[in-house]
Every structure is written in structure tokens, then in C-alpha cells.
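Note sheet for the following structure.
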Protein chains: 2
Amino acid sequence: MSNKPTIHDIAKALNIDSSTVSRALNNSPRVTLKTKTKILEKAQELGYKRNVLASNLRKNVTNTLGVIVPRISRYFFSSAIQGIEETAYLAGYNVIICQSLEQLEREQSIVNGLVEKRVDGMLISISMETLNYQHLDIVKNNGIPLVFFDRHCNVEGNSNVLIDDFKGGFDATEHLIFQGNKDIVHFSGPNELEIYKNRLAGYKAALKKHNLPFKKDNIIVTRLMEEDGFKSMQSILNKNDKVDAVFSANDMAAIGAIKCIKECQLKIPEDIAIVGFSNEPISTVIEPALSTIDQSGMQIGKTAAKLILSYIENKQIPETGETIVLKANLIERNSSKRN
Amino acid sequence: MSNKPTIHDIAKALNIDSSTVSRALNNSPRVTLKTKTKILEKAQELGYKRNVLASNLRKNVTNTLGVIVPRISRYFFSSAIQGIEETAYLAGYNVIICQSLEQLEREQSIVNGLVEKRVDGMLISISMETLNYQHLDIVKNNGIPLVFFDRHCNVEGNSNVLIDDFKGGFDATEHLIFQGNKDIVHFSGPNELEIYKNRLAGYKAALKKHNLPFKKDNIIVTRLMEEDGFKSMQSILNKNDKVDAVFSANDMAAIGAIKCIKECQLKIPEDIAIVGFSNEPISTVIEPALSTIDQSGMQIGKTAAKLILSYIENKQIPETGETIVLKANLIERNSSKRN
DNA sequence: CTGTTAGCGCGTTCAG
DNA sequence: CTGAACGCGCTAACAG
């Protein structure tokens, strides 16, 4: 069983040429139904398996999508990957998953590897360390379509699938304001990432709209870790500076903040109100008083996959790039008004 | 830029043979350092990228691992995938992720696809519908090493990486008994899956050890969905039949149960004690009073990947198969004794 | 140390 | 409708 049969074996067994076999196997209309069935039977009999490697080499395709995310196990990304995989599967594509672990160097080597593997398309959510996009030039230079998702790229000529971060930040902040909060701290993320810039901008805009002062000290930059949220919340509570509420732009910091609050035996939202960007299992399990800005990873994944598949099918990437913005919805976990 | 340069192009430009170029590019010791650097420079200049497809076809390898899980976004699996990816990356392997969505039919077609893609090894966590393993024969018949992880296979000759479910079930139940609970309900999972059988067996053994009666009605089979846990808990609370505690063999049902309890304004563990199999972000965020049997997906993933890589390197799969059992640890979230 | 030759297995000409 | 021949790009074997 170790010597795998090839189209030549089945051709020889039938006294025909391998090219006919090839045609039959590809269901070409230029082969008699009779010989076609004969060939298929023989193939079955010999346990023939098409060598996709050879086929791909010849056709110069791989039916494979490369996906790069910072970290697979973060729920947002795993659900995005789920969406990508499901969409890709339906189109007959496989998905190679790689994680940058937020490291630029690793991201670079992964990109090179995927280009070498000749993936048909690439989906990327860049690392926190990624400040420019030079290492991605190689992708386009090799004619491989590229779509950024979630952590997007504001350089002209690229395609993005993202959620409306500005509106999300705005809605979150306004929600807190409507609840009667005035002094609202914002847990931000790395400034280099567009998404955090935009959420911050939304926060500012909401304050402005409601004539609340913007205090620079109310912005706390986190590195997307639980402990950041925990420590930040700790120092807020220690100061007791009349902070009413927190809007966290990332779920990890929000979780840390909740934990800190619980450890202090405080109750949410009676003592402090929080709104955080988050995703399902976290937001469903997390202290229900936390309202969340839900960013559906599944939907982003599916949309991004569809986009890149369309580029692949059409064999062309739009020069200008295109950006698809999905809506993030505020999910109010506890409607009891405060104050 | 669309016509990609090959080793022949760079050979021609340098008036040498392509095989020398190939050797240089593979850093063979049988090429002068001088010509080697000359070649590398030229390669850089032309923007040469090795065609891995061709290379793989020739070498008959893909440096790719196929991974099949029921659902990527479930935290246990995404963390297992993370472990697999990290280990694979270090060894120079890529990982193709596929999800069965708990459907046997889909699992079958995925398996065939991965065999056709000539993955070098395959890791699988079977679907709930998978009652026998015939569709996996093709994997071995094609000489592809196969490792089951988490949802394992008790058929002789296969390799498994799993956690000690019996001990986990035993520990969870005993923990509840030590807390003073006598009437303990068990949320089980599909009986077809070995892991749930074993957890159930552990539950029974703990009862027996402590001379508590086993009541058949205390076993509730769930389908790994939140709503199962929710509804089951609901009926338990309605009956008010003096149930003291719940041991959930799956995290989804545990989450559902917690939600139900919260909705009823009950407090954990004052009103009811729960121990559930679970994983990190869920267990850290979930009501902290829930003790959990922690099954490290990362560790299972890493172990499984190492195992299959060793099979690939050694080019042989042990006839008898081997099973690696990892420990699941009870994490006590709240040590306040009840009763 | 380098060149020559011969495929890996398949798909696509171009004849007939 | 089918056969013959070639090539995708690379590597392995054998010469020299």
C-alpha cells in the first residue's frame, strides 16, 4: 500500500494514455462516458488518490488561504478563524493558521513562509509591533491578494474588513453618560493600532457632544492584558477620585478590571459602571452588569474570507483597495439606571 | 513581477547549472562559499522565491500538519490549536485547521481532503457523531501518522493524548463530597465519547468510596450546549428535591447552569455548589465560586504535536500505538466549606 | 566542488 | 474523442 498508484498506473492497466485518465478524473466533457466510468472504476479499485501536490504545481494554485493572527486562543480571533474556515470550506479551500504572538519578526517570517507556500490568498490581523507594512509588499509583489481584518491598515490601496470602532467607542461612552456618569476613564490599547485610535476618538466625540471635559489623565493605555486592567482599576479605586465609570476598549483589560472590583467586594454597576469591547463567551459569562460592545468575530471572518475569495476568483485585486465596515452593537447587560 | 524567477533563471544569469543553484539555496556544504554568496545575491536581486510546491512534489513532503477539531472557537480547542501551532512552527511545520462541526460526514470529507493534500501528519479530536473509525483507515493506509487528542480512541493500535478524565471526575465529585454535599447531580456529555464515560466512571467511583448511593436520575446527559445546562438546572431548582451540588463534565453546561442560578438570584456556593470541567478564560471569568477541573488545552496541543512530529521524523508509527495521559487539576475557586 | 540526466505526478497543448 | 509529448520547478543520483 505504500507505493501510491498514479494516473499512469491506471492508464497502463487499461491500455490507454494517462492524459485520457487525467481528463476523465477531471470530468472533462471530451471523454466518452464509457471510458470515463471504466477509468473511475479502475481508480477506485486501485485505491487511487490524486496527488494534489503535482496537480497544484501544474495549475499553480493551492486552494489554500493563509491566515495570520496575533494569538489563536483569544476568543475574537478563534471565532474569526471559525468564520474564515467555514466560508473557505464551502468554497473548497483549506486554511493555514499562523500566529505572530504579537511579534513583528515572527510575523515577517510567517509572511515569507506563506508566500513561499504559494497560498492563494492571505488574511492578516497585524501584530501590536507592526508599525509599517513593508514586510507585506512581498505578498502583493507575488500577486497574492491580501485582506486585513480587525486590525486594519490605513494605507491607500489595501483592503480591510473591520468593525466601526469609532461608533463603538462613541456608543459605549454615550451609554455611560446616559446612565448618569460624568467622570469616565478610558482603558485604551496600543496607540499604533488603528482600532484603538478610533475607539478613543469615539470616546472623545461622545464627551464633546455631551459637553463633558476631556481629561488626559482619564486615558490609560493598556497592553491588552488582564493585569493591566486589574492594576489600572486598582489605582483608580485607591485614588477614590470620583471616577464614575470605565470604558475599556479591549476585553482583556475589562476582565482584569472586573476581577479587581470583585476582589474589593464592590458590586457592579452600583459602585462603578463599565462598558467594554468584547465577544460572546466572555461577555455572557462575565459579570452581567457589564455592558459590551459586541464585535462579532464570526461575521468579520466570514466577510473577510468572502472578500479574498472574490479576489482570487476574479484574479484581480482592486488597485484602490476596499474597506468593509461592520457594525458593532452595544449589548446592554443591565438596564438599571444609576445615580 | 508576475513571471516568478526560477532557479533556472538565476542559473542562466550566472552561467552555471540549476542544480548548483538548488544546492546553494539549500545551503548544501558541497558548494563553494564564493559561488554560494554569488547565487544568494543574484537570488535576492531577482526577487527569487523558492517554489515550495515543486520542492514538496519532489521530496514528497509538505511540512504541514492537518488538524481536525469539532469547532475552532471553543476555548479548549482554540488553546489546543495554539499549542499545536507553536510547536509546529518551531519545527518548521504549518498547520491546516479544519472543523467537523460535530458532523461525521464533514469529518469524512475533511479527512479525505487532508490525505489528498498529503499532510505529513494528522491530529484529530473526533466529532460527537463519530462512532467508529473506518473513515480514518485511509489515513494509515497512506502512511500518514495519526494522533487522537482529547476525544480519544480506545481501539488498539492508535495513539492518544488525553487528560485523565476518570481522575478528574473522581476529584471533582470528591471535592463536592468533602464540602458536605451528598446529593450530587452529574451533567454528562454524549455517551459515545470516551471522555464522558470516564468522567462518569470517576463520579461513580467517588460516590462509592464515600458510601453514597448512586441514583440514576442524578445523571443528566447534555449535548455540550449552554441551554442544556440552563434547562437542567432550572428543572433541578424547580423540583427542589434537595440537590446539593452539581458536577458538570462539560464547561458549556456548567456555564448554562451558572446563568440559570444567577437568573434566580441565587448565590454560589451558598445555595448550590458546582464543579465543572473547564478552561482558563471561562473559569477565570465565571463566577469564582465555581471550582473547575482544569484541562490545559495548550499542553494537550503541544504534547500531541510533539508526538506526531516524532512519528514523522522517525518515519514510523508504533504498531501498538501509545497513549499519553495528562493530569487535570482541580482548581478550587472558593475554599469556604459549606453546610 | 560542479554539471548531467532523470524524474516527482499531473495537466495541457497539438496532432490525428 | 484519444495519444504523444512536453513542462510546471525542483532535487537526487551519478558522473566527472
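Just so it is clear, the structure is predicted and the values come from calculations on it, not from any experiment. Convention: sequence-line order gives letters A, B, ...; per-chain numbering from 1. Keep in mind that the numbers below use all heavy atoms, side chains included, and drop hydrogens, waters and symmetry copies.
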TODO: Find the distance B:His8:NE2 to C:dT4:P and express it as a whole number of Å.
DONE: 12 Å

Open item on the list: Taking any heavy-atom pair under 4.0 Å as a contact, classify A:Thr32: base, sugar-phosphate, or nothing.
Closed with: sugar-phosphate

- [ ] Looking at every strand, decide which applies to A:Ser55 at a 4.0 Å heavy-atom threshold: base, sugar-phosphate, or nothing.
- [x] sugar-phosphate

Task: Euclidean distance, atom CD1 of residue B:Ile7 to atom C1' of D:dC10 [Å, nearest integer] - done: 5 Å

Open item on the list: Under 4.0 Å, heavy atoms only, any strand: does B:Asp17 hit a base, just the sugar-phosphate, or nothing?
Closed with: base

Task: Rounded distance (Å) that lies between atom C1' of C:dC10 and atom CD1 of A:Ile39 - done: 14 Å

Task: Test: B:Glu319 and B:Lys140 ion pair at under 4.0 Å - done: no

TODO: Verify salt bridge (Lys or Arg N to Asp or Glu O under 4.0 Å) between A:Lys306 and A:Glu86, making sure each step is shown before the conclusion.
DONE: CA-CA 10 Å; A:Lys306 275 178 201 159; A:Glu86 286 182 17; over 6 Å; no

- [ ] Using atom CG of B:Asn60 as one end and atom P of C:dG7 as the other, report the distance to the nearest whole Å.
- [x] 17 Å

Open item on the list: Measuring to OP1 and OP2 of D:dT11, would you say a side-chain N or O of B:Asn26 lies under 4.0 angstrom away?
Closed with: yes

Task: Under-4.0 Å side-chain N/O to phosphate OP1/OP2 contact, B:Arg58 with C:dA6 - done: no

TODO: Check every strand shown and say whether A:Leu25 touches a base, only sugar-phosphate, or nothing at a heavy-atom separation below 4.0 Å.
DONE: nothing

- [ ] Considering only NZ, NE, NH1 and NH2 on the basic side and carboxylate oxygens on the acidic side, decide whether A:Glu85 and B:Arg106 come within less than 4.0 Å.
- [x] yes

- [ ] Tell me which nucleotide among D:dC10, D:dG3, D:dC8 gets nearest to the side chain of B:Ala54.
- [x] D:dC10

TODO: Would you confirm whether the ring centroid of A:Tyr133 sits within less than 6.0 angstrom of the ring centroid of A:Phe148?
DONE: yes

- [ ] For B:Lys59 and C:dG9, give me the distance from atom NZ to atom P, rounded to whole Å.
- [x] 16 Å

- [ ] Answer yes or no: is there an ion pair linking B:Glu45 with B:Lys38, defined by an N-O contact shorter than 4.0 Å?
- [x] no

Task: N/O (side chain, A:Ser19) to phosphate O (OP1/OP2, D:dG3) under 4.0 Å - done: no

Open item on the list: Categorize A:Thr35 for me: base, sugar-phosphate, or nothing, with a 4.0 angstrom heavy-atom threshold over every strand shown.
Closed with: sugar-phosphate

- [ ] Just call it for B:Thr6: base, sugar-phosphate, or nothing, with non-hydrogen atoms closer than 4.0 Å on any strand.
- [x] sugar-phosphate

Open item on the list: For D:dG3, does the base pair up with any side-chain atom of A:Arg23 as donor and acceptor (N or O, under 3.5 Å, distance only)?
Closed with: yes

